Protein chains: 2
Amino acid sequence: MKHMETIFACPISCRNCRMSSLCIPMSLRSDELYKLDQIILRGKPLQVRQSIFRAGDPFTSIYAVRSGSVKAFRLDDDGREQVVAFYLPGEIFGWDGLADNHYQNTAVALETTSVCEIPFEQLDHLASSITSIQNYTTKLMSREIINGQRLIALLAGNSAHQRLASLLMSLSDRLALQKLSSTRFRLPMSRGDISNYLGLTVETVSRTFSYFQKMGYLRVNKKEVELLNLDALQEVIADSDVFA
Amino acid sequence: MKHMETIFACPISCRNCRMSSLCIPMSLRSDELYKLDQIILRGKPLQVRQSIFRAGDPFTSIYAVRSGSVKAFRLDDDGREQVVAFYLPGEIFGWDGLADNHYQNTAVALETTSVCEIPFEQLDHLASSITSIQNYTTKLMSREIINGQRLIALLAGNSAHQRLASLLMSLSDRLALQKLSSTRFRLPMSRGDISNYLGLTVETVSRTFSYFQKMGYLRVNKKEVELLNLDALQEVIADSDVFA
DNA sequence: AAATCAAACTGATATAGATCAACTCACCGT
DNA sequence: ACGGTGAGTTGATCTATATCAGTTTGATTT
């Protein structure tokens with residue numbers, strides 16, 4: 001039983017978290033990092049489909065993905081769900097709750113997932129003394145605005161092929177940041193989630209995967225994908241059919 | 001010439017700005033408002049098509065629309081422009097520049113437009129002593145994230161009719177906040193801007209206007225619109241064709 | 001091993017919206 | 001006044017993607 005204790009006695013902290021370079025910490029001094037670490041809550045892992053927060057819940061915290069992945073969706077006026085973002089390890093979500101103190105989105109785990117909960121009140125308090133934290137949270141929100149605008153541009157001006165290629169390249173890039181393979185990975189979300197996010201039907205997503213495979217751009221089997229020709233995929237994205 | 005001087009001697013300030021209730025000021029104490037007012041720059045009005053900032057410019061300031069209107073667009077990889085937002089009086093824009101100290105978007109005046117420039121460095125400094133300013137800017141950014149997500153949902157899951165009806169209702173609501181008529185107004189943007197923003201073609205936008213007019217939902221003549229049946233437009237938006 | 005069920009894939013057909021083409025109209029400069 | 005230019009509208013056709021209808025696969029239960 002000593003052994004068990006040893007395991008529990010090794011607490012997860014920002015200091016030993018593989019994601020820390022992507023997440024909050026950056027240029028914090030050691031004592032500052034300690035203070036930040038103190039306020040972060042690390043619950044037990046979430047199961048598939050378990051929610052982190054739901055639209056309408058009072059806003060308390062922002063969250064960082066430690067492992068696994070998360071989808072965030074709005075409930076439209078008529079109750080349909082609309083996926084607005086996927087979050088991978090090292091990424092931070094929940095900013096939508098700040099505007100009027102209630103989350104606008106629901107966030108659910110796409111697989112077994114661990115998140116760090118960062119209570120906003122305490123983060124804000126910390127930020128008032130550590131200006132680099134204030135700066136950083138502001139930049140994170142700005143980044144979230146930009147990512148939203150990137151998706152708007154994708155949805156407003158691109159074909160099904162371009163949309164799916166963009167998503168795949170985005171996932172690839174983000175996995176690379178985690179030092180994971182950017183060419184071989186498992187899609188954490190279902191075809192339904194992908195099609196909803198991209199404003200397409202599942203059939204179109206499925207056919208587009210098949211097409212990319214037929215063209216030799218990738219190999220796909222259910223959720224496993226291997227990108228074989230990144231240049232070709234990049235070309236698909238760039239080819240404004242204006243010149244096709 | 002005394003007359004001219006009188007005009008110039010009456011400075012624009014947040015205190016006498018019709019938009020102040022929508023904009024930054026809210027619950028500032030008188031002395032705090034004074035400090036804020038001091039850092040705000042108010043240049044001479046911009047002409048149509050004149051830019052406030054361009055994608056790639058170093059980030060210096062956020063901006064509030066005092067009068068007129070602004071469109072913000074990204075330049076896609078392949079150089080096409082994609083409109084991501086319209087801003088009306090009392091609304092604040094420029095947050096996209098914060099993430100990496102360069103604006104991602106270009107912002108241009110859609111008509112003769114006055115903006116207040118709020119140098120971010122100074123605003124940030126002010127925020128460190130006046131916590132209500134810090135809170136408020138954070139909420140504004142969160143609001144911008146939510147607005148982006150609302151547009152994502154609109155683009156991903158709605159028909160041309162629903163998209164245009166949504167835009168019209170959004171403009172209507174925002175004009176109401178300015179105590180202006182919510183049923184009779186002038187669209188500040190061209191059909192091209194509308195179609196680009198909504199992910200449609202100009203022809204489809206034009207036809208949809210005609211259809212709404214034929215149905216008696218509105219009257220439209222070039223940029224002048226009069227909404228005749230808000231309930232019907234709301235119905236168009238709500239009617240998920242799931243049950244159509 | 002058979003039965004059940006959901007996710008993913010594929011084929012046939014339908015359609016919303018794009019594309020192509022023409023026309024109208026207001027505005028601008030000469 | 002007169003051609004020119006660009007924004008907006010309307011009509012005819014085309015097409016990318018949705019819809020509808022199975023089929024396949026793999027996981028789960030019995």
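Below, chain A is the first sequence line, B the second, and so on; all start at residue 1. Keep in mind it's a predicted model, so treat the numbers as computed, not measured.
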S.K.: Once side chain to side chain contact (heavy atoms under 4.5 Å, CB included) is applied, do any residues pair with A/A55, and if so which ones, sequence neighbours excluded?
M.R.: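 Partners of A/A55 under the side chain to side chain contact (heavy atoms under 4.5 Å, CB included) test: A/T106.
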S.K.: Quick one: side chain to side chain contact (heavy atoms under 4.5 Å, CB included) partners of A/A153, sequence neighbours excluded?
M.R.: B/R74, B/D76, B/Q82
S.K.: Side-chain polar contacts of residues 206-221 of chain B - donor-acceptor pairs under 3.5 angstrom, sequence neighbours left out - could you list them?
M.R.:
from: B/T208; atom 1: OG1; to: B/T204; atom 2: O; distance (Å): 2.7
from: B/S210; atom 1: OG; to: B/S206; atom 2: O; distance (Å): 3.1
from: B/Q213; atom 1: OE1; to: B/V220; atom 2: N; distance (Å): 2.7

S.K.: Rounded to whole Å, please give me the gap between CG in A/L164 and P in C/dA8.
M.R.: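 After rounding, the reported distance stands at 13 Å.
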S.K.: To the nearest Å, how far apart are A/E224 CD and C/dC9 P?
M.R.: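 After rounding, the gap between these two atoms is 13 Å.
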S.K.: What is the distance, rounded to the nearest whole Å, between atom NZ of A/K214 and atom P of C/dC9?
M.R.: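 Value for this atom pair: 15 Å.
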S.K.: Measuring from atom OG1 of B/T113 to atom CD1 of B/I52, what distance do you get when rounded to the nearest 0.5 angstrom?
M.R.: 7.0 Å
S.K.: Mind checking what makes salt bridge (Lys or Arg N to Asp or Glu O under 4.0 Å) contact with A/R54, not counting sequence neighbours?
M.R.: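 Here no residue qualifies.
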S.K.: Dump every N/O contact between nucleotides 7-11 of chain D and the protein below 3.5 Å, one line per pair.
M.R.:
from: D/dG8; atom 1: OP1; to: B/R191; atom 2: N; distance (Å): 3.4
from: D/dG8; atom 1: OP2; to: B/R191; atom 2: N; distance (Å): 3.0
from: D/dT9; atom 1: OP1; to: B/R191; atom 2: NH2; distance (Å): 3.1
from: D/dT9; atom 1: OP2; to: B/R191; atom 2: NE; distance (Å): 2.8
from: D/dT9; atom 1: OP2; to: B/S206; atom 2: OG; distance (Å): 3.1
from: D/dT9; atom 1: O5'; to: B/S206; atom 2: OG; distance (Å): 3.1
from: D/dT10; atom 1: OP2; to: B/S210; atom 2: OG; distance (Å): 2.3
from: D/dG11; atom 1: N7; to: B/R207; atom 2: NH1; distance (Å): 2.8
from: D/dG11; atom 1: O6; to: B/R207; atom 2: NH2; distance (Å): 3.3

S.K.: Dump every N/O contact between nucleotides 14-16 of chain D and the protein below 3.5 Å, one line per pair.
M.R.:
none

S.K.: Taking only residues two or more places apart in sequence or in another chain, which ones pass side chain to side chain contact (heavy atoms under 4.5 Å, CB included) with A/Q178?
M.R.: A/M19, A/L22, A/L88, A/P89, A/L175, A/L180
S.K.: Could you go through the side-chain contact (heavy atoms from CB on, under 4.5 Å) check for B/R42 and B/S114 one step at a time?
M.R.: CA-CA 8 Å; B/R42 298 173 180 89; B/S114 307; over 6 Å; no
S.K.: I need the full list of ring pair (Phe, Tyr, Trp, His ring centres under 6.0 Å) pairs touching residues 173-196 of chain A, with sequence neighbours left out, sorted by first then second residue.
M.R.: none
S.K.: Under the side chain to side chain contact (heavy atoms under 4.5 Å, CB included) test, which residues partner A/L140, sequence neighbours left out?
M.R.: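 Side chain to side chain contact (heavy atoms under 4.5 Å, CB included) list for A/L140, sorted by chain: A/I92, A/W95, A/Y136.
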S.K.: Tell me the interatomic distance from A/D193, atom CG, to C/dA7, atom C1', rounded to whole angstroms.
M.R.: 12 Å
S.K.: Using the test salt bridge (Lys or Arg N to Asp or Glu O under 4.0 Å), find all partners of A/E81 that sit at least two apart in sequence or belong to another chain.
M.R.: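 In terms of salt bridge (Lys or Arg N to Asp or Glu O under 4.0 Å), with neighbours along the sequence ignored, A/E81 is linked to A/K71.
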S.K.: What is the distance from CG of B/N158 to P of C/dG17, rounded to the nearest Å?
M.R.: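 To the nearest whole Å, that distance equals 10 Å.
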S.K.: Does anything in residues 66-85 of chain A pair up under ring pair (Phe, Tyr, Trp, His ring centres under 6.0 Å), and if so which pairs, sequence neighbours excluded?
M.R.: none
S.K.: Please give the angle, rounded to 10 degrees, between the axes at the start and the end of the helix from C/dA1-D/dT30 to C/dT30-D/dA1, where five pairs define each axis.
M.R.: 40°
S.K.: Using whole Å, report how far CD of A/Q162 lies from C1' of D/dT17.
M.R.: 14 Å
